[in-house]
Amino acid sequence: MTAPITQDLLTIPRKLPETGLRNIVGLTRDELRDALIEAGTPEKQAKMRVGQIWQWVYHWGVRDFALMTNLAKDYRAQLAQHFEIALPEIVTRQVSADGTRKYLLKIAGGHEVETVYIPEETRGTLCISSQVGCTLTCSFCHTGTQKLVRNLTAGEIVGQVMVARDDLGEWPQPGAPKDETRLVSNVVLMGMGEPLYNFDNVRNAMKVVMDGEGISLSRRRITLSTSGIVPEIAKTAEEIGCLLAVSFHATTDETRDKLVPVNKKWNIETLLGALREYPRLSNSERITFEYVMLDGVNDSDADARRLVKLIQGIPAKINLIPFNEWPGAPYKRSSWERIESFADIVHKAGYASPIRTPRGEDIMAACGQLKSATERGRKSKAEIAAETGA
Ligand code: SAH
Ligand code: SF4
């Protein structure tokens with residue numbers, strides 16, 4: 001993590017996509033081709049133009065058609081009449097004492113989402129959101145107390161990656177030697193929302209992020225976290241191909257029903273069935289089981305033993321997440337001795353059991369703490385009951 005961090009890109013004015021122009025960011029190659037033809041690009045040239053524009057936008061990070069110098073001047077003007085290259089707008093950026101950065105981003109309609117950048121020794125992980133709020137109501141999650149406002153578009157999902165690259169100064173400089181250091185080396189879909197309830201936009205966005213002519217992140221560096229939307233799990237492997245993490249969090253249906261209420265629809269056995277079938281292209285591709293450590297709720301030695309028994313046969317790693325508190329949260333974090341004892345049992349059973357170090361707690365950027373202050377809509381008890389079938 002040695003590349004210099006520049007701040008000046010922050011001052012680039014960013015338009016919200018309310019100009020009547022079509023935003024190019026987030027369109028798949030096919031969608032971009034169709035849009036270009038619709039805007040007067042001759043069909044025969046369309047594929048080549050897609051390639052050229054794609055490289056400017058996603059490889060070089062260019063935002064102005066006028067700078068796309070391998071296109072004819074009048075064609076650049078024509079593009080500017082129909083299209084824009086627009087990203088979410090940074091409302092605030094907080095930097096934690098540990099280097100974690102939390103961006104509050106404004107998107108069309110005035111809604112806000114959060115994106116978190118977590119720098120580590122050997123990699124930099126960007127945690128992105130897929131929805132404003134969440135329809136689900138996991139009882140330990142801050143986002144879960146907020147109503148679903150809307151799904152993010154593919155452009156808003158890709159836009160989060162581009163905003164972070166802007167802020168970190170990560171776009172290549174023309175003519176400069178190729179720099180293999182990547183500040184945003186990994187993407188996790190672990191921000192606000194349930195990505196598998198916004199499947200098409202998440203898939204299209206990840207296709208753009210993975211495209212080799214652009215941002216070019218390998219599918220192995222993208223992890224999608226789901227609370228367990230069983231019918232979409234196989235599709236994730238087929239249509240995105242990224243790594244999978246599952247918010248498991250409990251070892252009995254009784255407890256999981258309370259923590260992750262979608263368990264009432266797809267219980268532990270059904271979920272494990274889908275995970276057993278999740279295809280992996282190599283042995284190193286394990287499924288991550290996320291397990292939040294809640295004092296006295298799911299953290300006993302008996303839980304640890306049940307957990308390893310349940311997942312037997314699934315290539316897995318178990319990510320223990322010390323509970324991150326938020327105002328009004330009904331749980332407490334397990335003690336470190338408890339977490340270590342749990343980790344030890346899991347480890348002795350042959351599974352990697354990293355304990356996720358809480359990052360950015362001082363700026364409320366840690367797992368499960370994200371919630372946009374502007375979205376005051378809080379779920380009522382009746383709404384929670386209706387959504388969870390409680
Ligand atoms: N909706 C998806 C992805 C977002 S949550 C999902 O549920 O998987 C990312 C991870 O943070 C999930 O494992 C989630 O269960 C966990 N999490 C939520 N609230 C938390 C909290 N307060 N403390 C620790 N982890 C939390
Ligand atoms: Fe939604 Fe995930 Fe939070 Fe559950 S843990 S409420 S699925 S964001």
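Every number for a ligand or one of its atoms is a count from 1 in the order of the listing. Quick caveat: nothing in here was measured; it's all calculated off a predicted structure.
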How does [X] reach ligand 1, if at all, at less than 4.0 Å between non-hydrogen atoms: by side chain, backbone, both, or neither?
X: Thr226; answer: backbone
X: Val292; answer: side chain
X: His249; answer: side chain
X: Trp326; answer: side chain

| said: Applying side chain to side chain donor-acceptor pair (under 3.5 Å), can you list everything that pairs with Asn298, at least two apart in sequence or on another chain? | reply: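 Asn298: no side chain to side chain donor-acceptor pair (under 3.5 Å) contacts found.
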Heavy-atom contacts with [X] under 4.0 Å: which atoms of ligand 1 show up? List them by number with element.
X: Ile321; result: 24 (C), 25 (N)
X: Ser227; result: 6 (C), 7 (O), 8 (O)
X: Gly193; result: 1 (N), 2 (C), 3 (C), 4 (C)
X: Cys141; result: 18 (C), 19 (N)
X: Gly191; result: 4 (C)
X: Phe323; result: 21 (C), 22 (N), 23 (N)

| Is the closest heavy-atom distance from Glu194 to ligand 1 below 4.0 Å? |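 Distance cut 4.0 Å: Glu194 passes for ligand 1.
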| Can you tell me if Cys134 has a non-hydrogen atom under 4.0 Å from ligand 1? |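 Per 4.0 Å heavy-atom rule, Cys134 does not contact ligand 1.
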| Ionic contact status for Asp166 with Arg63, cut-off 4.0 Å |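 Yes, charged N to carboxylate O under 4.0 Å.
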| field | Electrostatic pair Arg220:Glu285 at N-O distance under 4.0 angstrom | value |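 Answer for the salt bridge query: yes.
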| Is atom 1 (Fe) of ligand 2 less than 2.8 Å from at least one N/O/S atom of Cys138? |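 Looking at Cys138, which is the residue asked about, there is no N, O or S atom under 2.8 Å from atom 1 (Fe) of ligand 2.
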Contact (N/O only, under 3.5 Å) between [X] and ligand 1:
X: Met190; answer: no
X: Arg356; answer: no
X: Phe140; answer: yes

| query | Are the side chain of Arg219 and the backbone N or O of Met210 linked by a donor-acceptor pair below 3.5 Å? | reply |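 Here the side-chain-to-backbone pair does not exist.
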| query | Would you find a donor on one side and an acceptor on the other, under 3.5 Å apart, between the side chain of Arg338 and the backbone of Asp299? | reply |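 Pair found, side chain donor or acceptor close to backbone of Asp299.
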| said: Suppose we call two aromatic rings close when their centres sit under 6.0 Å apart. Are Tyr351 and Phe289 close by that rule? | reply: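 Tyr351 vs Phe289: aromatic centres not under 6.0 Å.
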| field | Partner residues of Ser247 under the side-chain contact (heavy atoms from CB on, under 4.5 Å) criterion, sequence neighbours left out | value |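 For Ser247, the residues satisfying side-chain contact (heavy atoms from CB on, under 4.5 Å) (neighbours in sequence not counted) are Ser225, His249, Glu290.
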| What class does the angle between the rings of Trp326 and His142 fall in, given that below 30° is parallel, 30 to 60° is tilted and above 60° is perpendicular? |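 If you compare the ring of Trp326 with that of His142, the planes turn out parallel.
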Counting from 1, what ligand 2 atoms have a heavy atom of [X] closer than 4.0 Å?
X: Cys134; result: 1 (Fe), 6 (S), 7 (S), 8 (S)
X: Ser227; result: 7 (S)
X: Leu136; result: 6 (S), 7 (S)

| Are more than 12 heavy atoms from other residues, nucleotides or ligands located less than 6.0 Å from atom NE2 of His347? |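 Atom NE2 in His347 is not crowded, with 12 or fewer foreign heavy atoms closer than 6.0 Å.
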| Minimum non-hydrogen distance to atom 3 (C) of ligand 1, winning option of Ala329, Ser225, Ser130 |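 Comparing heavy atoms across Ala329, Ser225, Ser130, the nearest one to atom 3 (C) of ligand 1 lies in Ser225.
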| task | Evaluate the salt bridge (Lys or Arg N to Asp or Glu O under 4.0 Å) criterion for residues Arg203 and Asp200: first the C-alpha distance (whole Å), next the side-chain angles of each, then the deciding distance (0.1 Å), finally the verdict. | result | CA-CA 5 Å; Arg203 176 200 53 216; Asp200 291 356; 3.7 Å; yes
| message | Name the residue from Val132, Leu105, Leu152 that meets the side chain to side chain contact (heavy atoms under 4.5 Å, CB included) definition with His111. | response |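 Exactly one option meets the side chain to side chain contact (heavy atoms under 4.5 Å, CB included) with His111, and it is Val132.
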| task | Report yes or no: do Ile24 and Leu67 belong to one cluster of Ile/Leu/Val/Met/Phe/Trp/Tyr joined by side chain heavy-atom distances under 4.5 Å? | result |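 They do share one cluster, since a chain of ILVMFWY contacts under 4.5 Å joins Ile24 to Leu67.
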